[in-house]
Undergrad: 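Would you mind keeping the following structure in view while I ask a few things?
Atoms within a ligand are numbered from 1 in the order they appear, just like the ligands themselves. Scope of the values below: all heavy atoms of this structure, side chains included, with no hydrogens, waters or symmetry mates.
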Amino acid sequence: MKTIISKIDMNNIDLEELKKQAKLLREGKTVIFPTETVYGLGANALDESAVKKIYEAKGRPSDNPLIVHIYDKSEVYDLAKDVSEKAEVIMDKFWPGPITIILNKKDIVPKTTSGGLDTVAIRMPSHKIAREIIKEAGVPIAAPSANISGRPSPTKANHVYEEMNGRVSGIVLGGDSNFGLESTVLDLTVDIPMILRPGSITKEDLEKVINEVTIDPSLSKKEDNKKAKAPGMKYTHYAPNADVYIVSGDEDKVIDRINNMTEDNSKNNIKTGVMCISKNKKQYIGEVIALGDSLEEVGSNLFDVLREMDKRNVDIIYSEAFPTEGVGQAIMNRLLKSAGYKVIEV
Ligand code: AMP
Ligand code: MG
């Protein structure tokens, strides 16, 4: 497939280019564009044949539902019913932004979009390019992360170009995503709202505006993962080519253990990558890549570093563990999945 590429300067957005891409969406074709979370692979959410092209381009299982992206809050009432008072509070407080809400769907949303479910996931993104494209398309846009299913989500223009050129009708290249982790997914069809996927809007953030919020308990353990309430959380995900292990415990012990394992690996010609916080970088041997200083930086760099490890052809990756407060919850969720839940406690 010939892909039309639009390279956009964020400081001087070329609206004509974006209109060209939005026209492809109106014609039932697929277009990749940046959002504040990760790059999304979009198509008209209300057109079944357009939505099928998303599943094909990603190789995504058909029972894994898509998030519907809207331009204006008023569209929610066309797509969903039983919009509760809590849903109103969440939308007013956090939209546009990196949180997706699950509501009961109306018939206008095809089952292909909702992965066969009676509910629909909706988000209003804040990214300038995403907003402009959705507005110009004039329809709600289903847009999962723009990676081949199972791979780390794309957070930089070169990630989508390298992986998806030729697989979609259009790609808008527009710099780096701001958060670098996918949106928080919050189920509002239950009495006590439940986080089905942690993201940069945290449980603590949500509890400031609605009293009680739970986290899907099946997210923390491998054995329970099959019971995850968001179908997408059941699948292997965020996996680089190398085997990933998380090493957890006292900082000094973690550093010693990782270096010992790296040394053993090198004797056996196994190339080892290490992911750590910046301040520890100099303490490690092997292919060491720092993830950043703060949890926010770690979150925004994680997927890029996993892809960089692939480029460096490492066979094994050891990662430090991170605290599960705030955005750390989302980081550890993605890291555990990329490691297939393999944790070495020291
Ligand atoms: P992606 O857009 O690829 O980052 O994935 C969207 C995530 O939201 C996946 O984990 C989906 O399974 C989840 N999701 C989308 N729609 C629903 C829904 N109606 N109910 C539960 N989870 C959903
Ligand atoms: Mg995804």
Undergrad: Can you name the closest pair of heavy atoms from Gly199 and Val327 and give their distance?
TA: O-CG2, 4.4 Å
Undergrad: Mind jotting down which residue pairs meet the salt bridge (charged side-chain N to carboxylate O under 4.0 Å, His left out) criterion with at least one end in residues 180-197? Sequence neighbours excluded, please.
TA: Glu182-Arg334
Undergrad: Taking Glu16 first and then Lys20, would you say they form a salt bridge - that is, a charged N and a carboxylate O separated by under 4.0 Å?
TA: no
Undergrad: By number and element, which atoms of ligand 1 are closer than 4.0 Å to a non-hydrogen atom of Ala121?
TA: 15 (C), 16 (N), 17 (C)
Undergrad: Could you tell me whether Lys234 and Asp63 make a salt bridge, using a distance below 4.0 angstrom between a side-chain N and a carboxylate O?
TA: no
Undergrad: Would you check the N or O atoms of Arg60, main chain and side chain alike, for any that come under 3.5 Å of an N or O of ligand 1?
TA: yes
Undergrad: Going by heavy-atom distance to atom 1 (P) of ligand 1, choose the closest among Arg197, Lys229, His69.
TA: Arg197
Undergrad: Quick one: list whatever passes ring-ring contact (aromatic ring centres under 6.0 Å, His included) with Tyr238, sequence neighbours left out.
TA: Phe303
Undergrad: Have a look around the Mg ion (ligand 2) and list protein N/O/S atoms under 2.8 Å, or say none.
TA: Ser145 OG
Undergrad: Using a heavy-atom cut-off of under 4.0 Å, does the side chain or the backbone of Lys105 touch ligand 1, or both, or neither?
TA: neither
Undergrad: Heavy atom under 4.0 Å from ligand 1: found in Leu196's side chain, backbone, both, or neither?
TA: side chain
Undergrad: By the rule that ILVMFWY residues connect when side-chain heavy atoms come within less than 4.5 angstrom, directly or transitively, which residues belong alongside Tyr71?
TA: Ile4, Ile8, Met10, Ile13, Leu15, Leu18, Leu24, Leu25, Val31, Phe33, Ile129, Ile133, Ile134, Val139, Ile141, Val172
Undergrad: Tell me the contacting part of Thr119 for ligand 1: side chain, backbone, both, or neither, using a 4.0 Å heavy-atom threshold, strictly below.
TA: both
Undergrad: Using side chain to side chain contact (heavy atoms under 4.5 Å, CB included), reason through Met164 and Ile148 one step at a time and then give a plain yes or no.
TA: CA-CA 8 Å; Met164 301 308 271; Ile148 305 273; 4.1 Å; yes
Undergrad: Give a yes-or-no answer on whether the side chains of Glu320 and Tyr284 include a donor-acceptor pair shorter than 3.5 Å.
TA: yes
Undergrad: Any heavy atom of Ser114 closer to ligand 1 than 4.0 angstrom?
TA: no
Undergrad: Below a 4.0 angstrom heavy-atom separation, can you tell me which part of Asn64, side chain or backbone, both or neither, approaches ligand 1?
TA: side chain
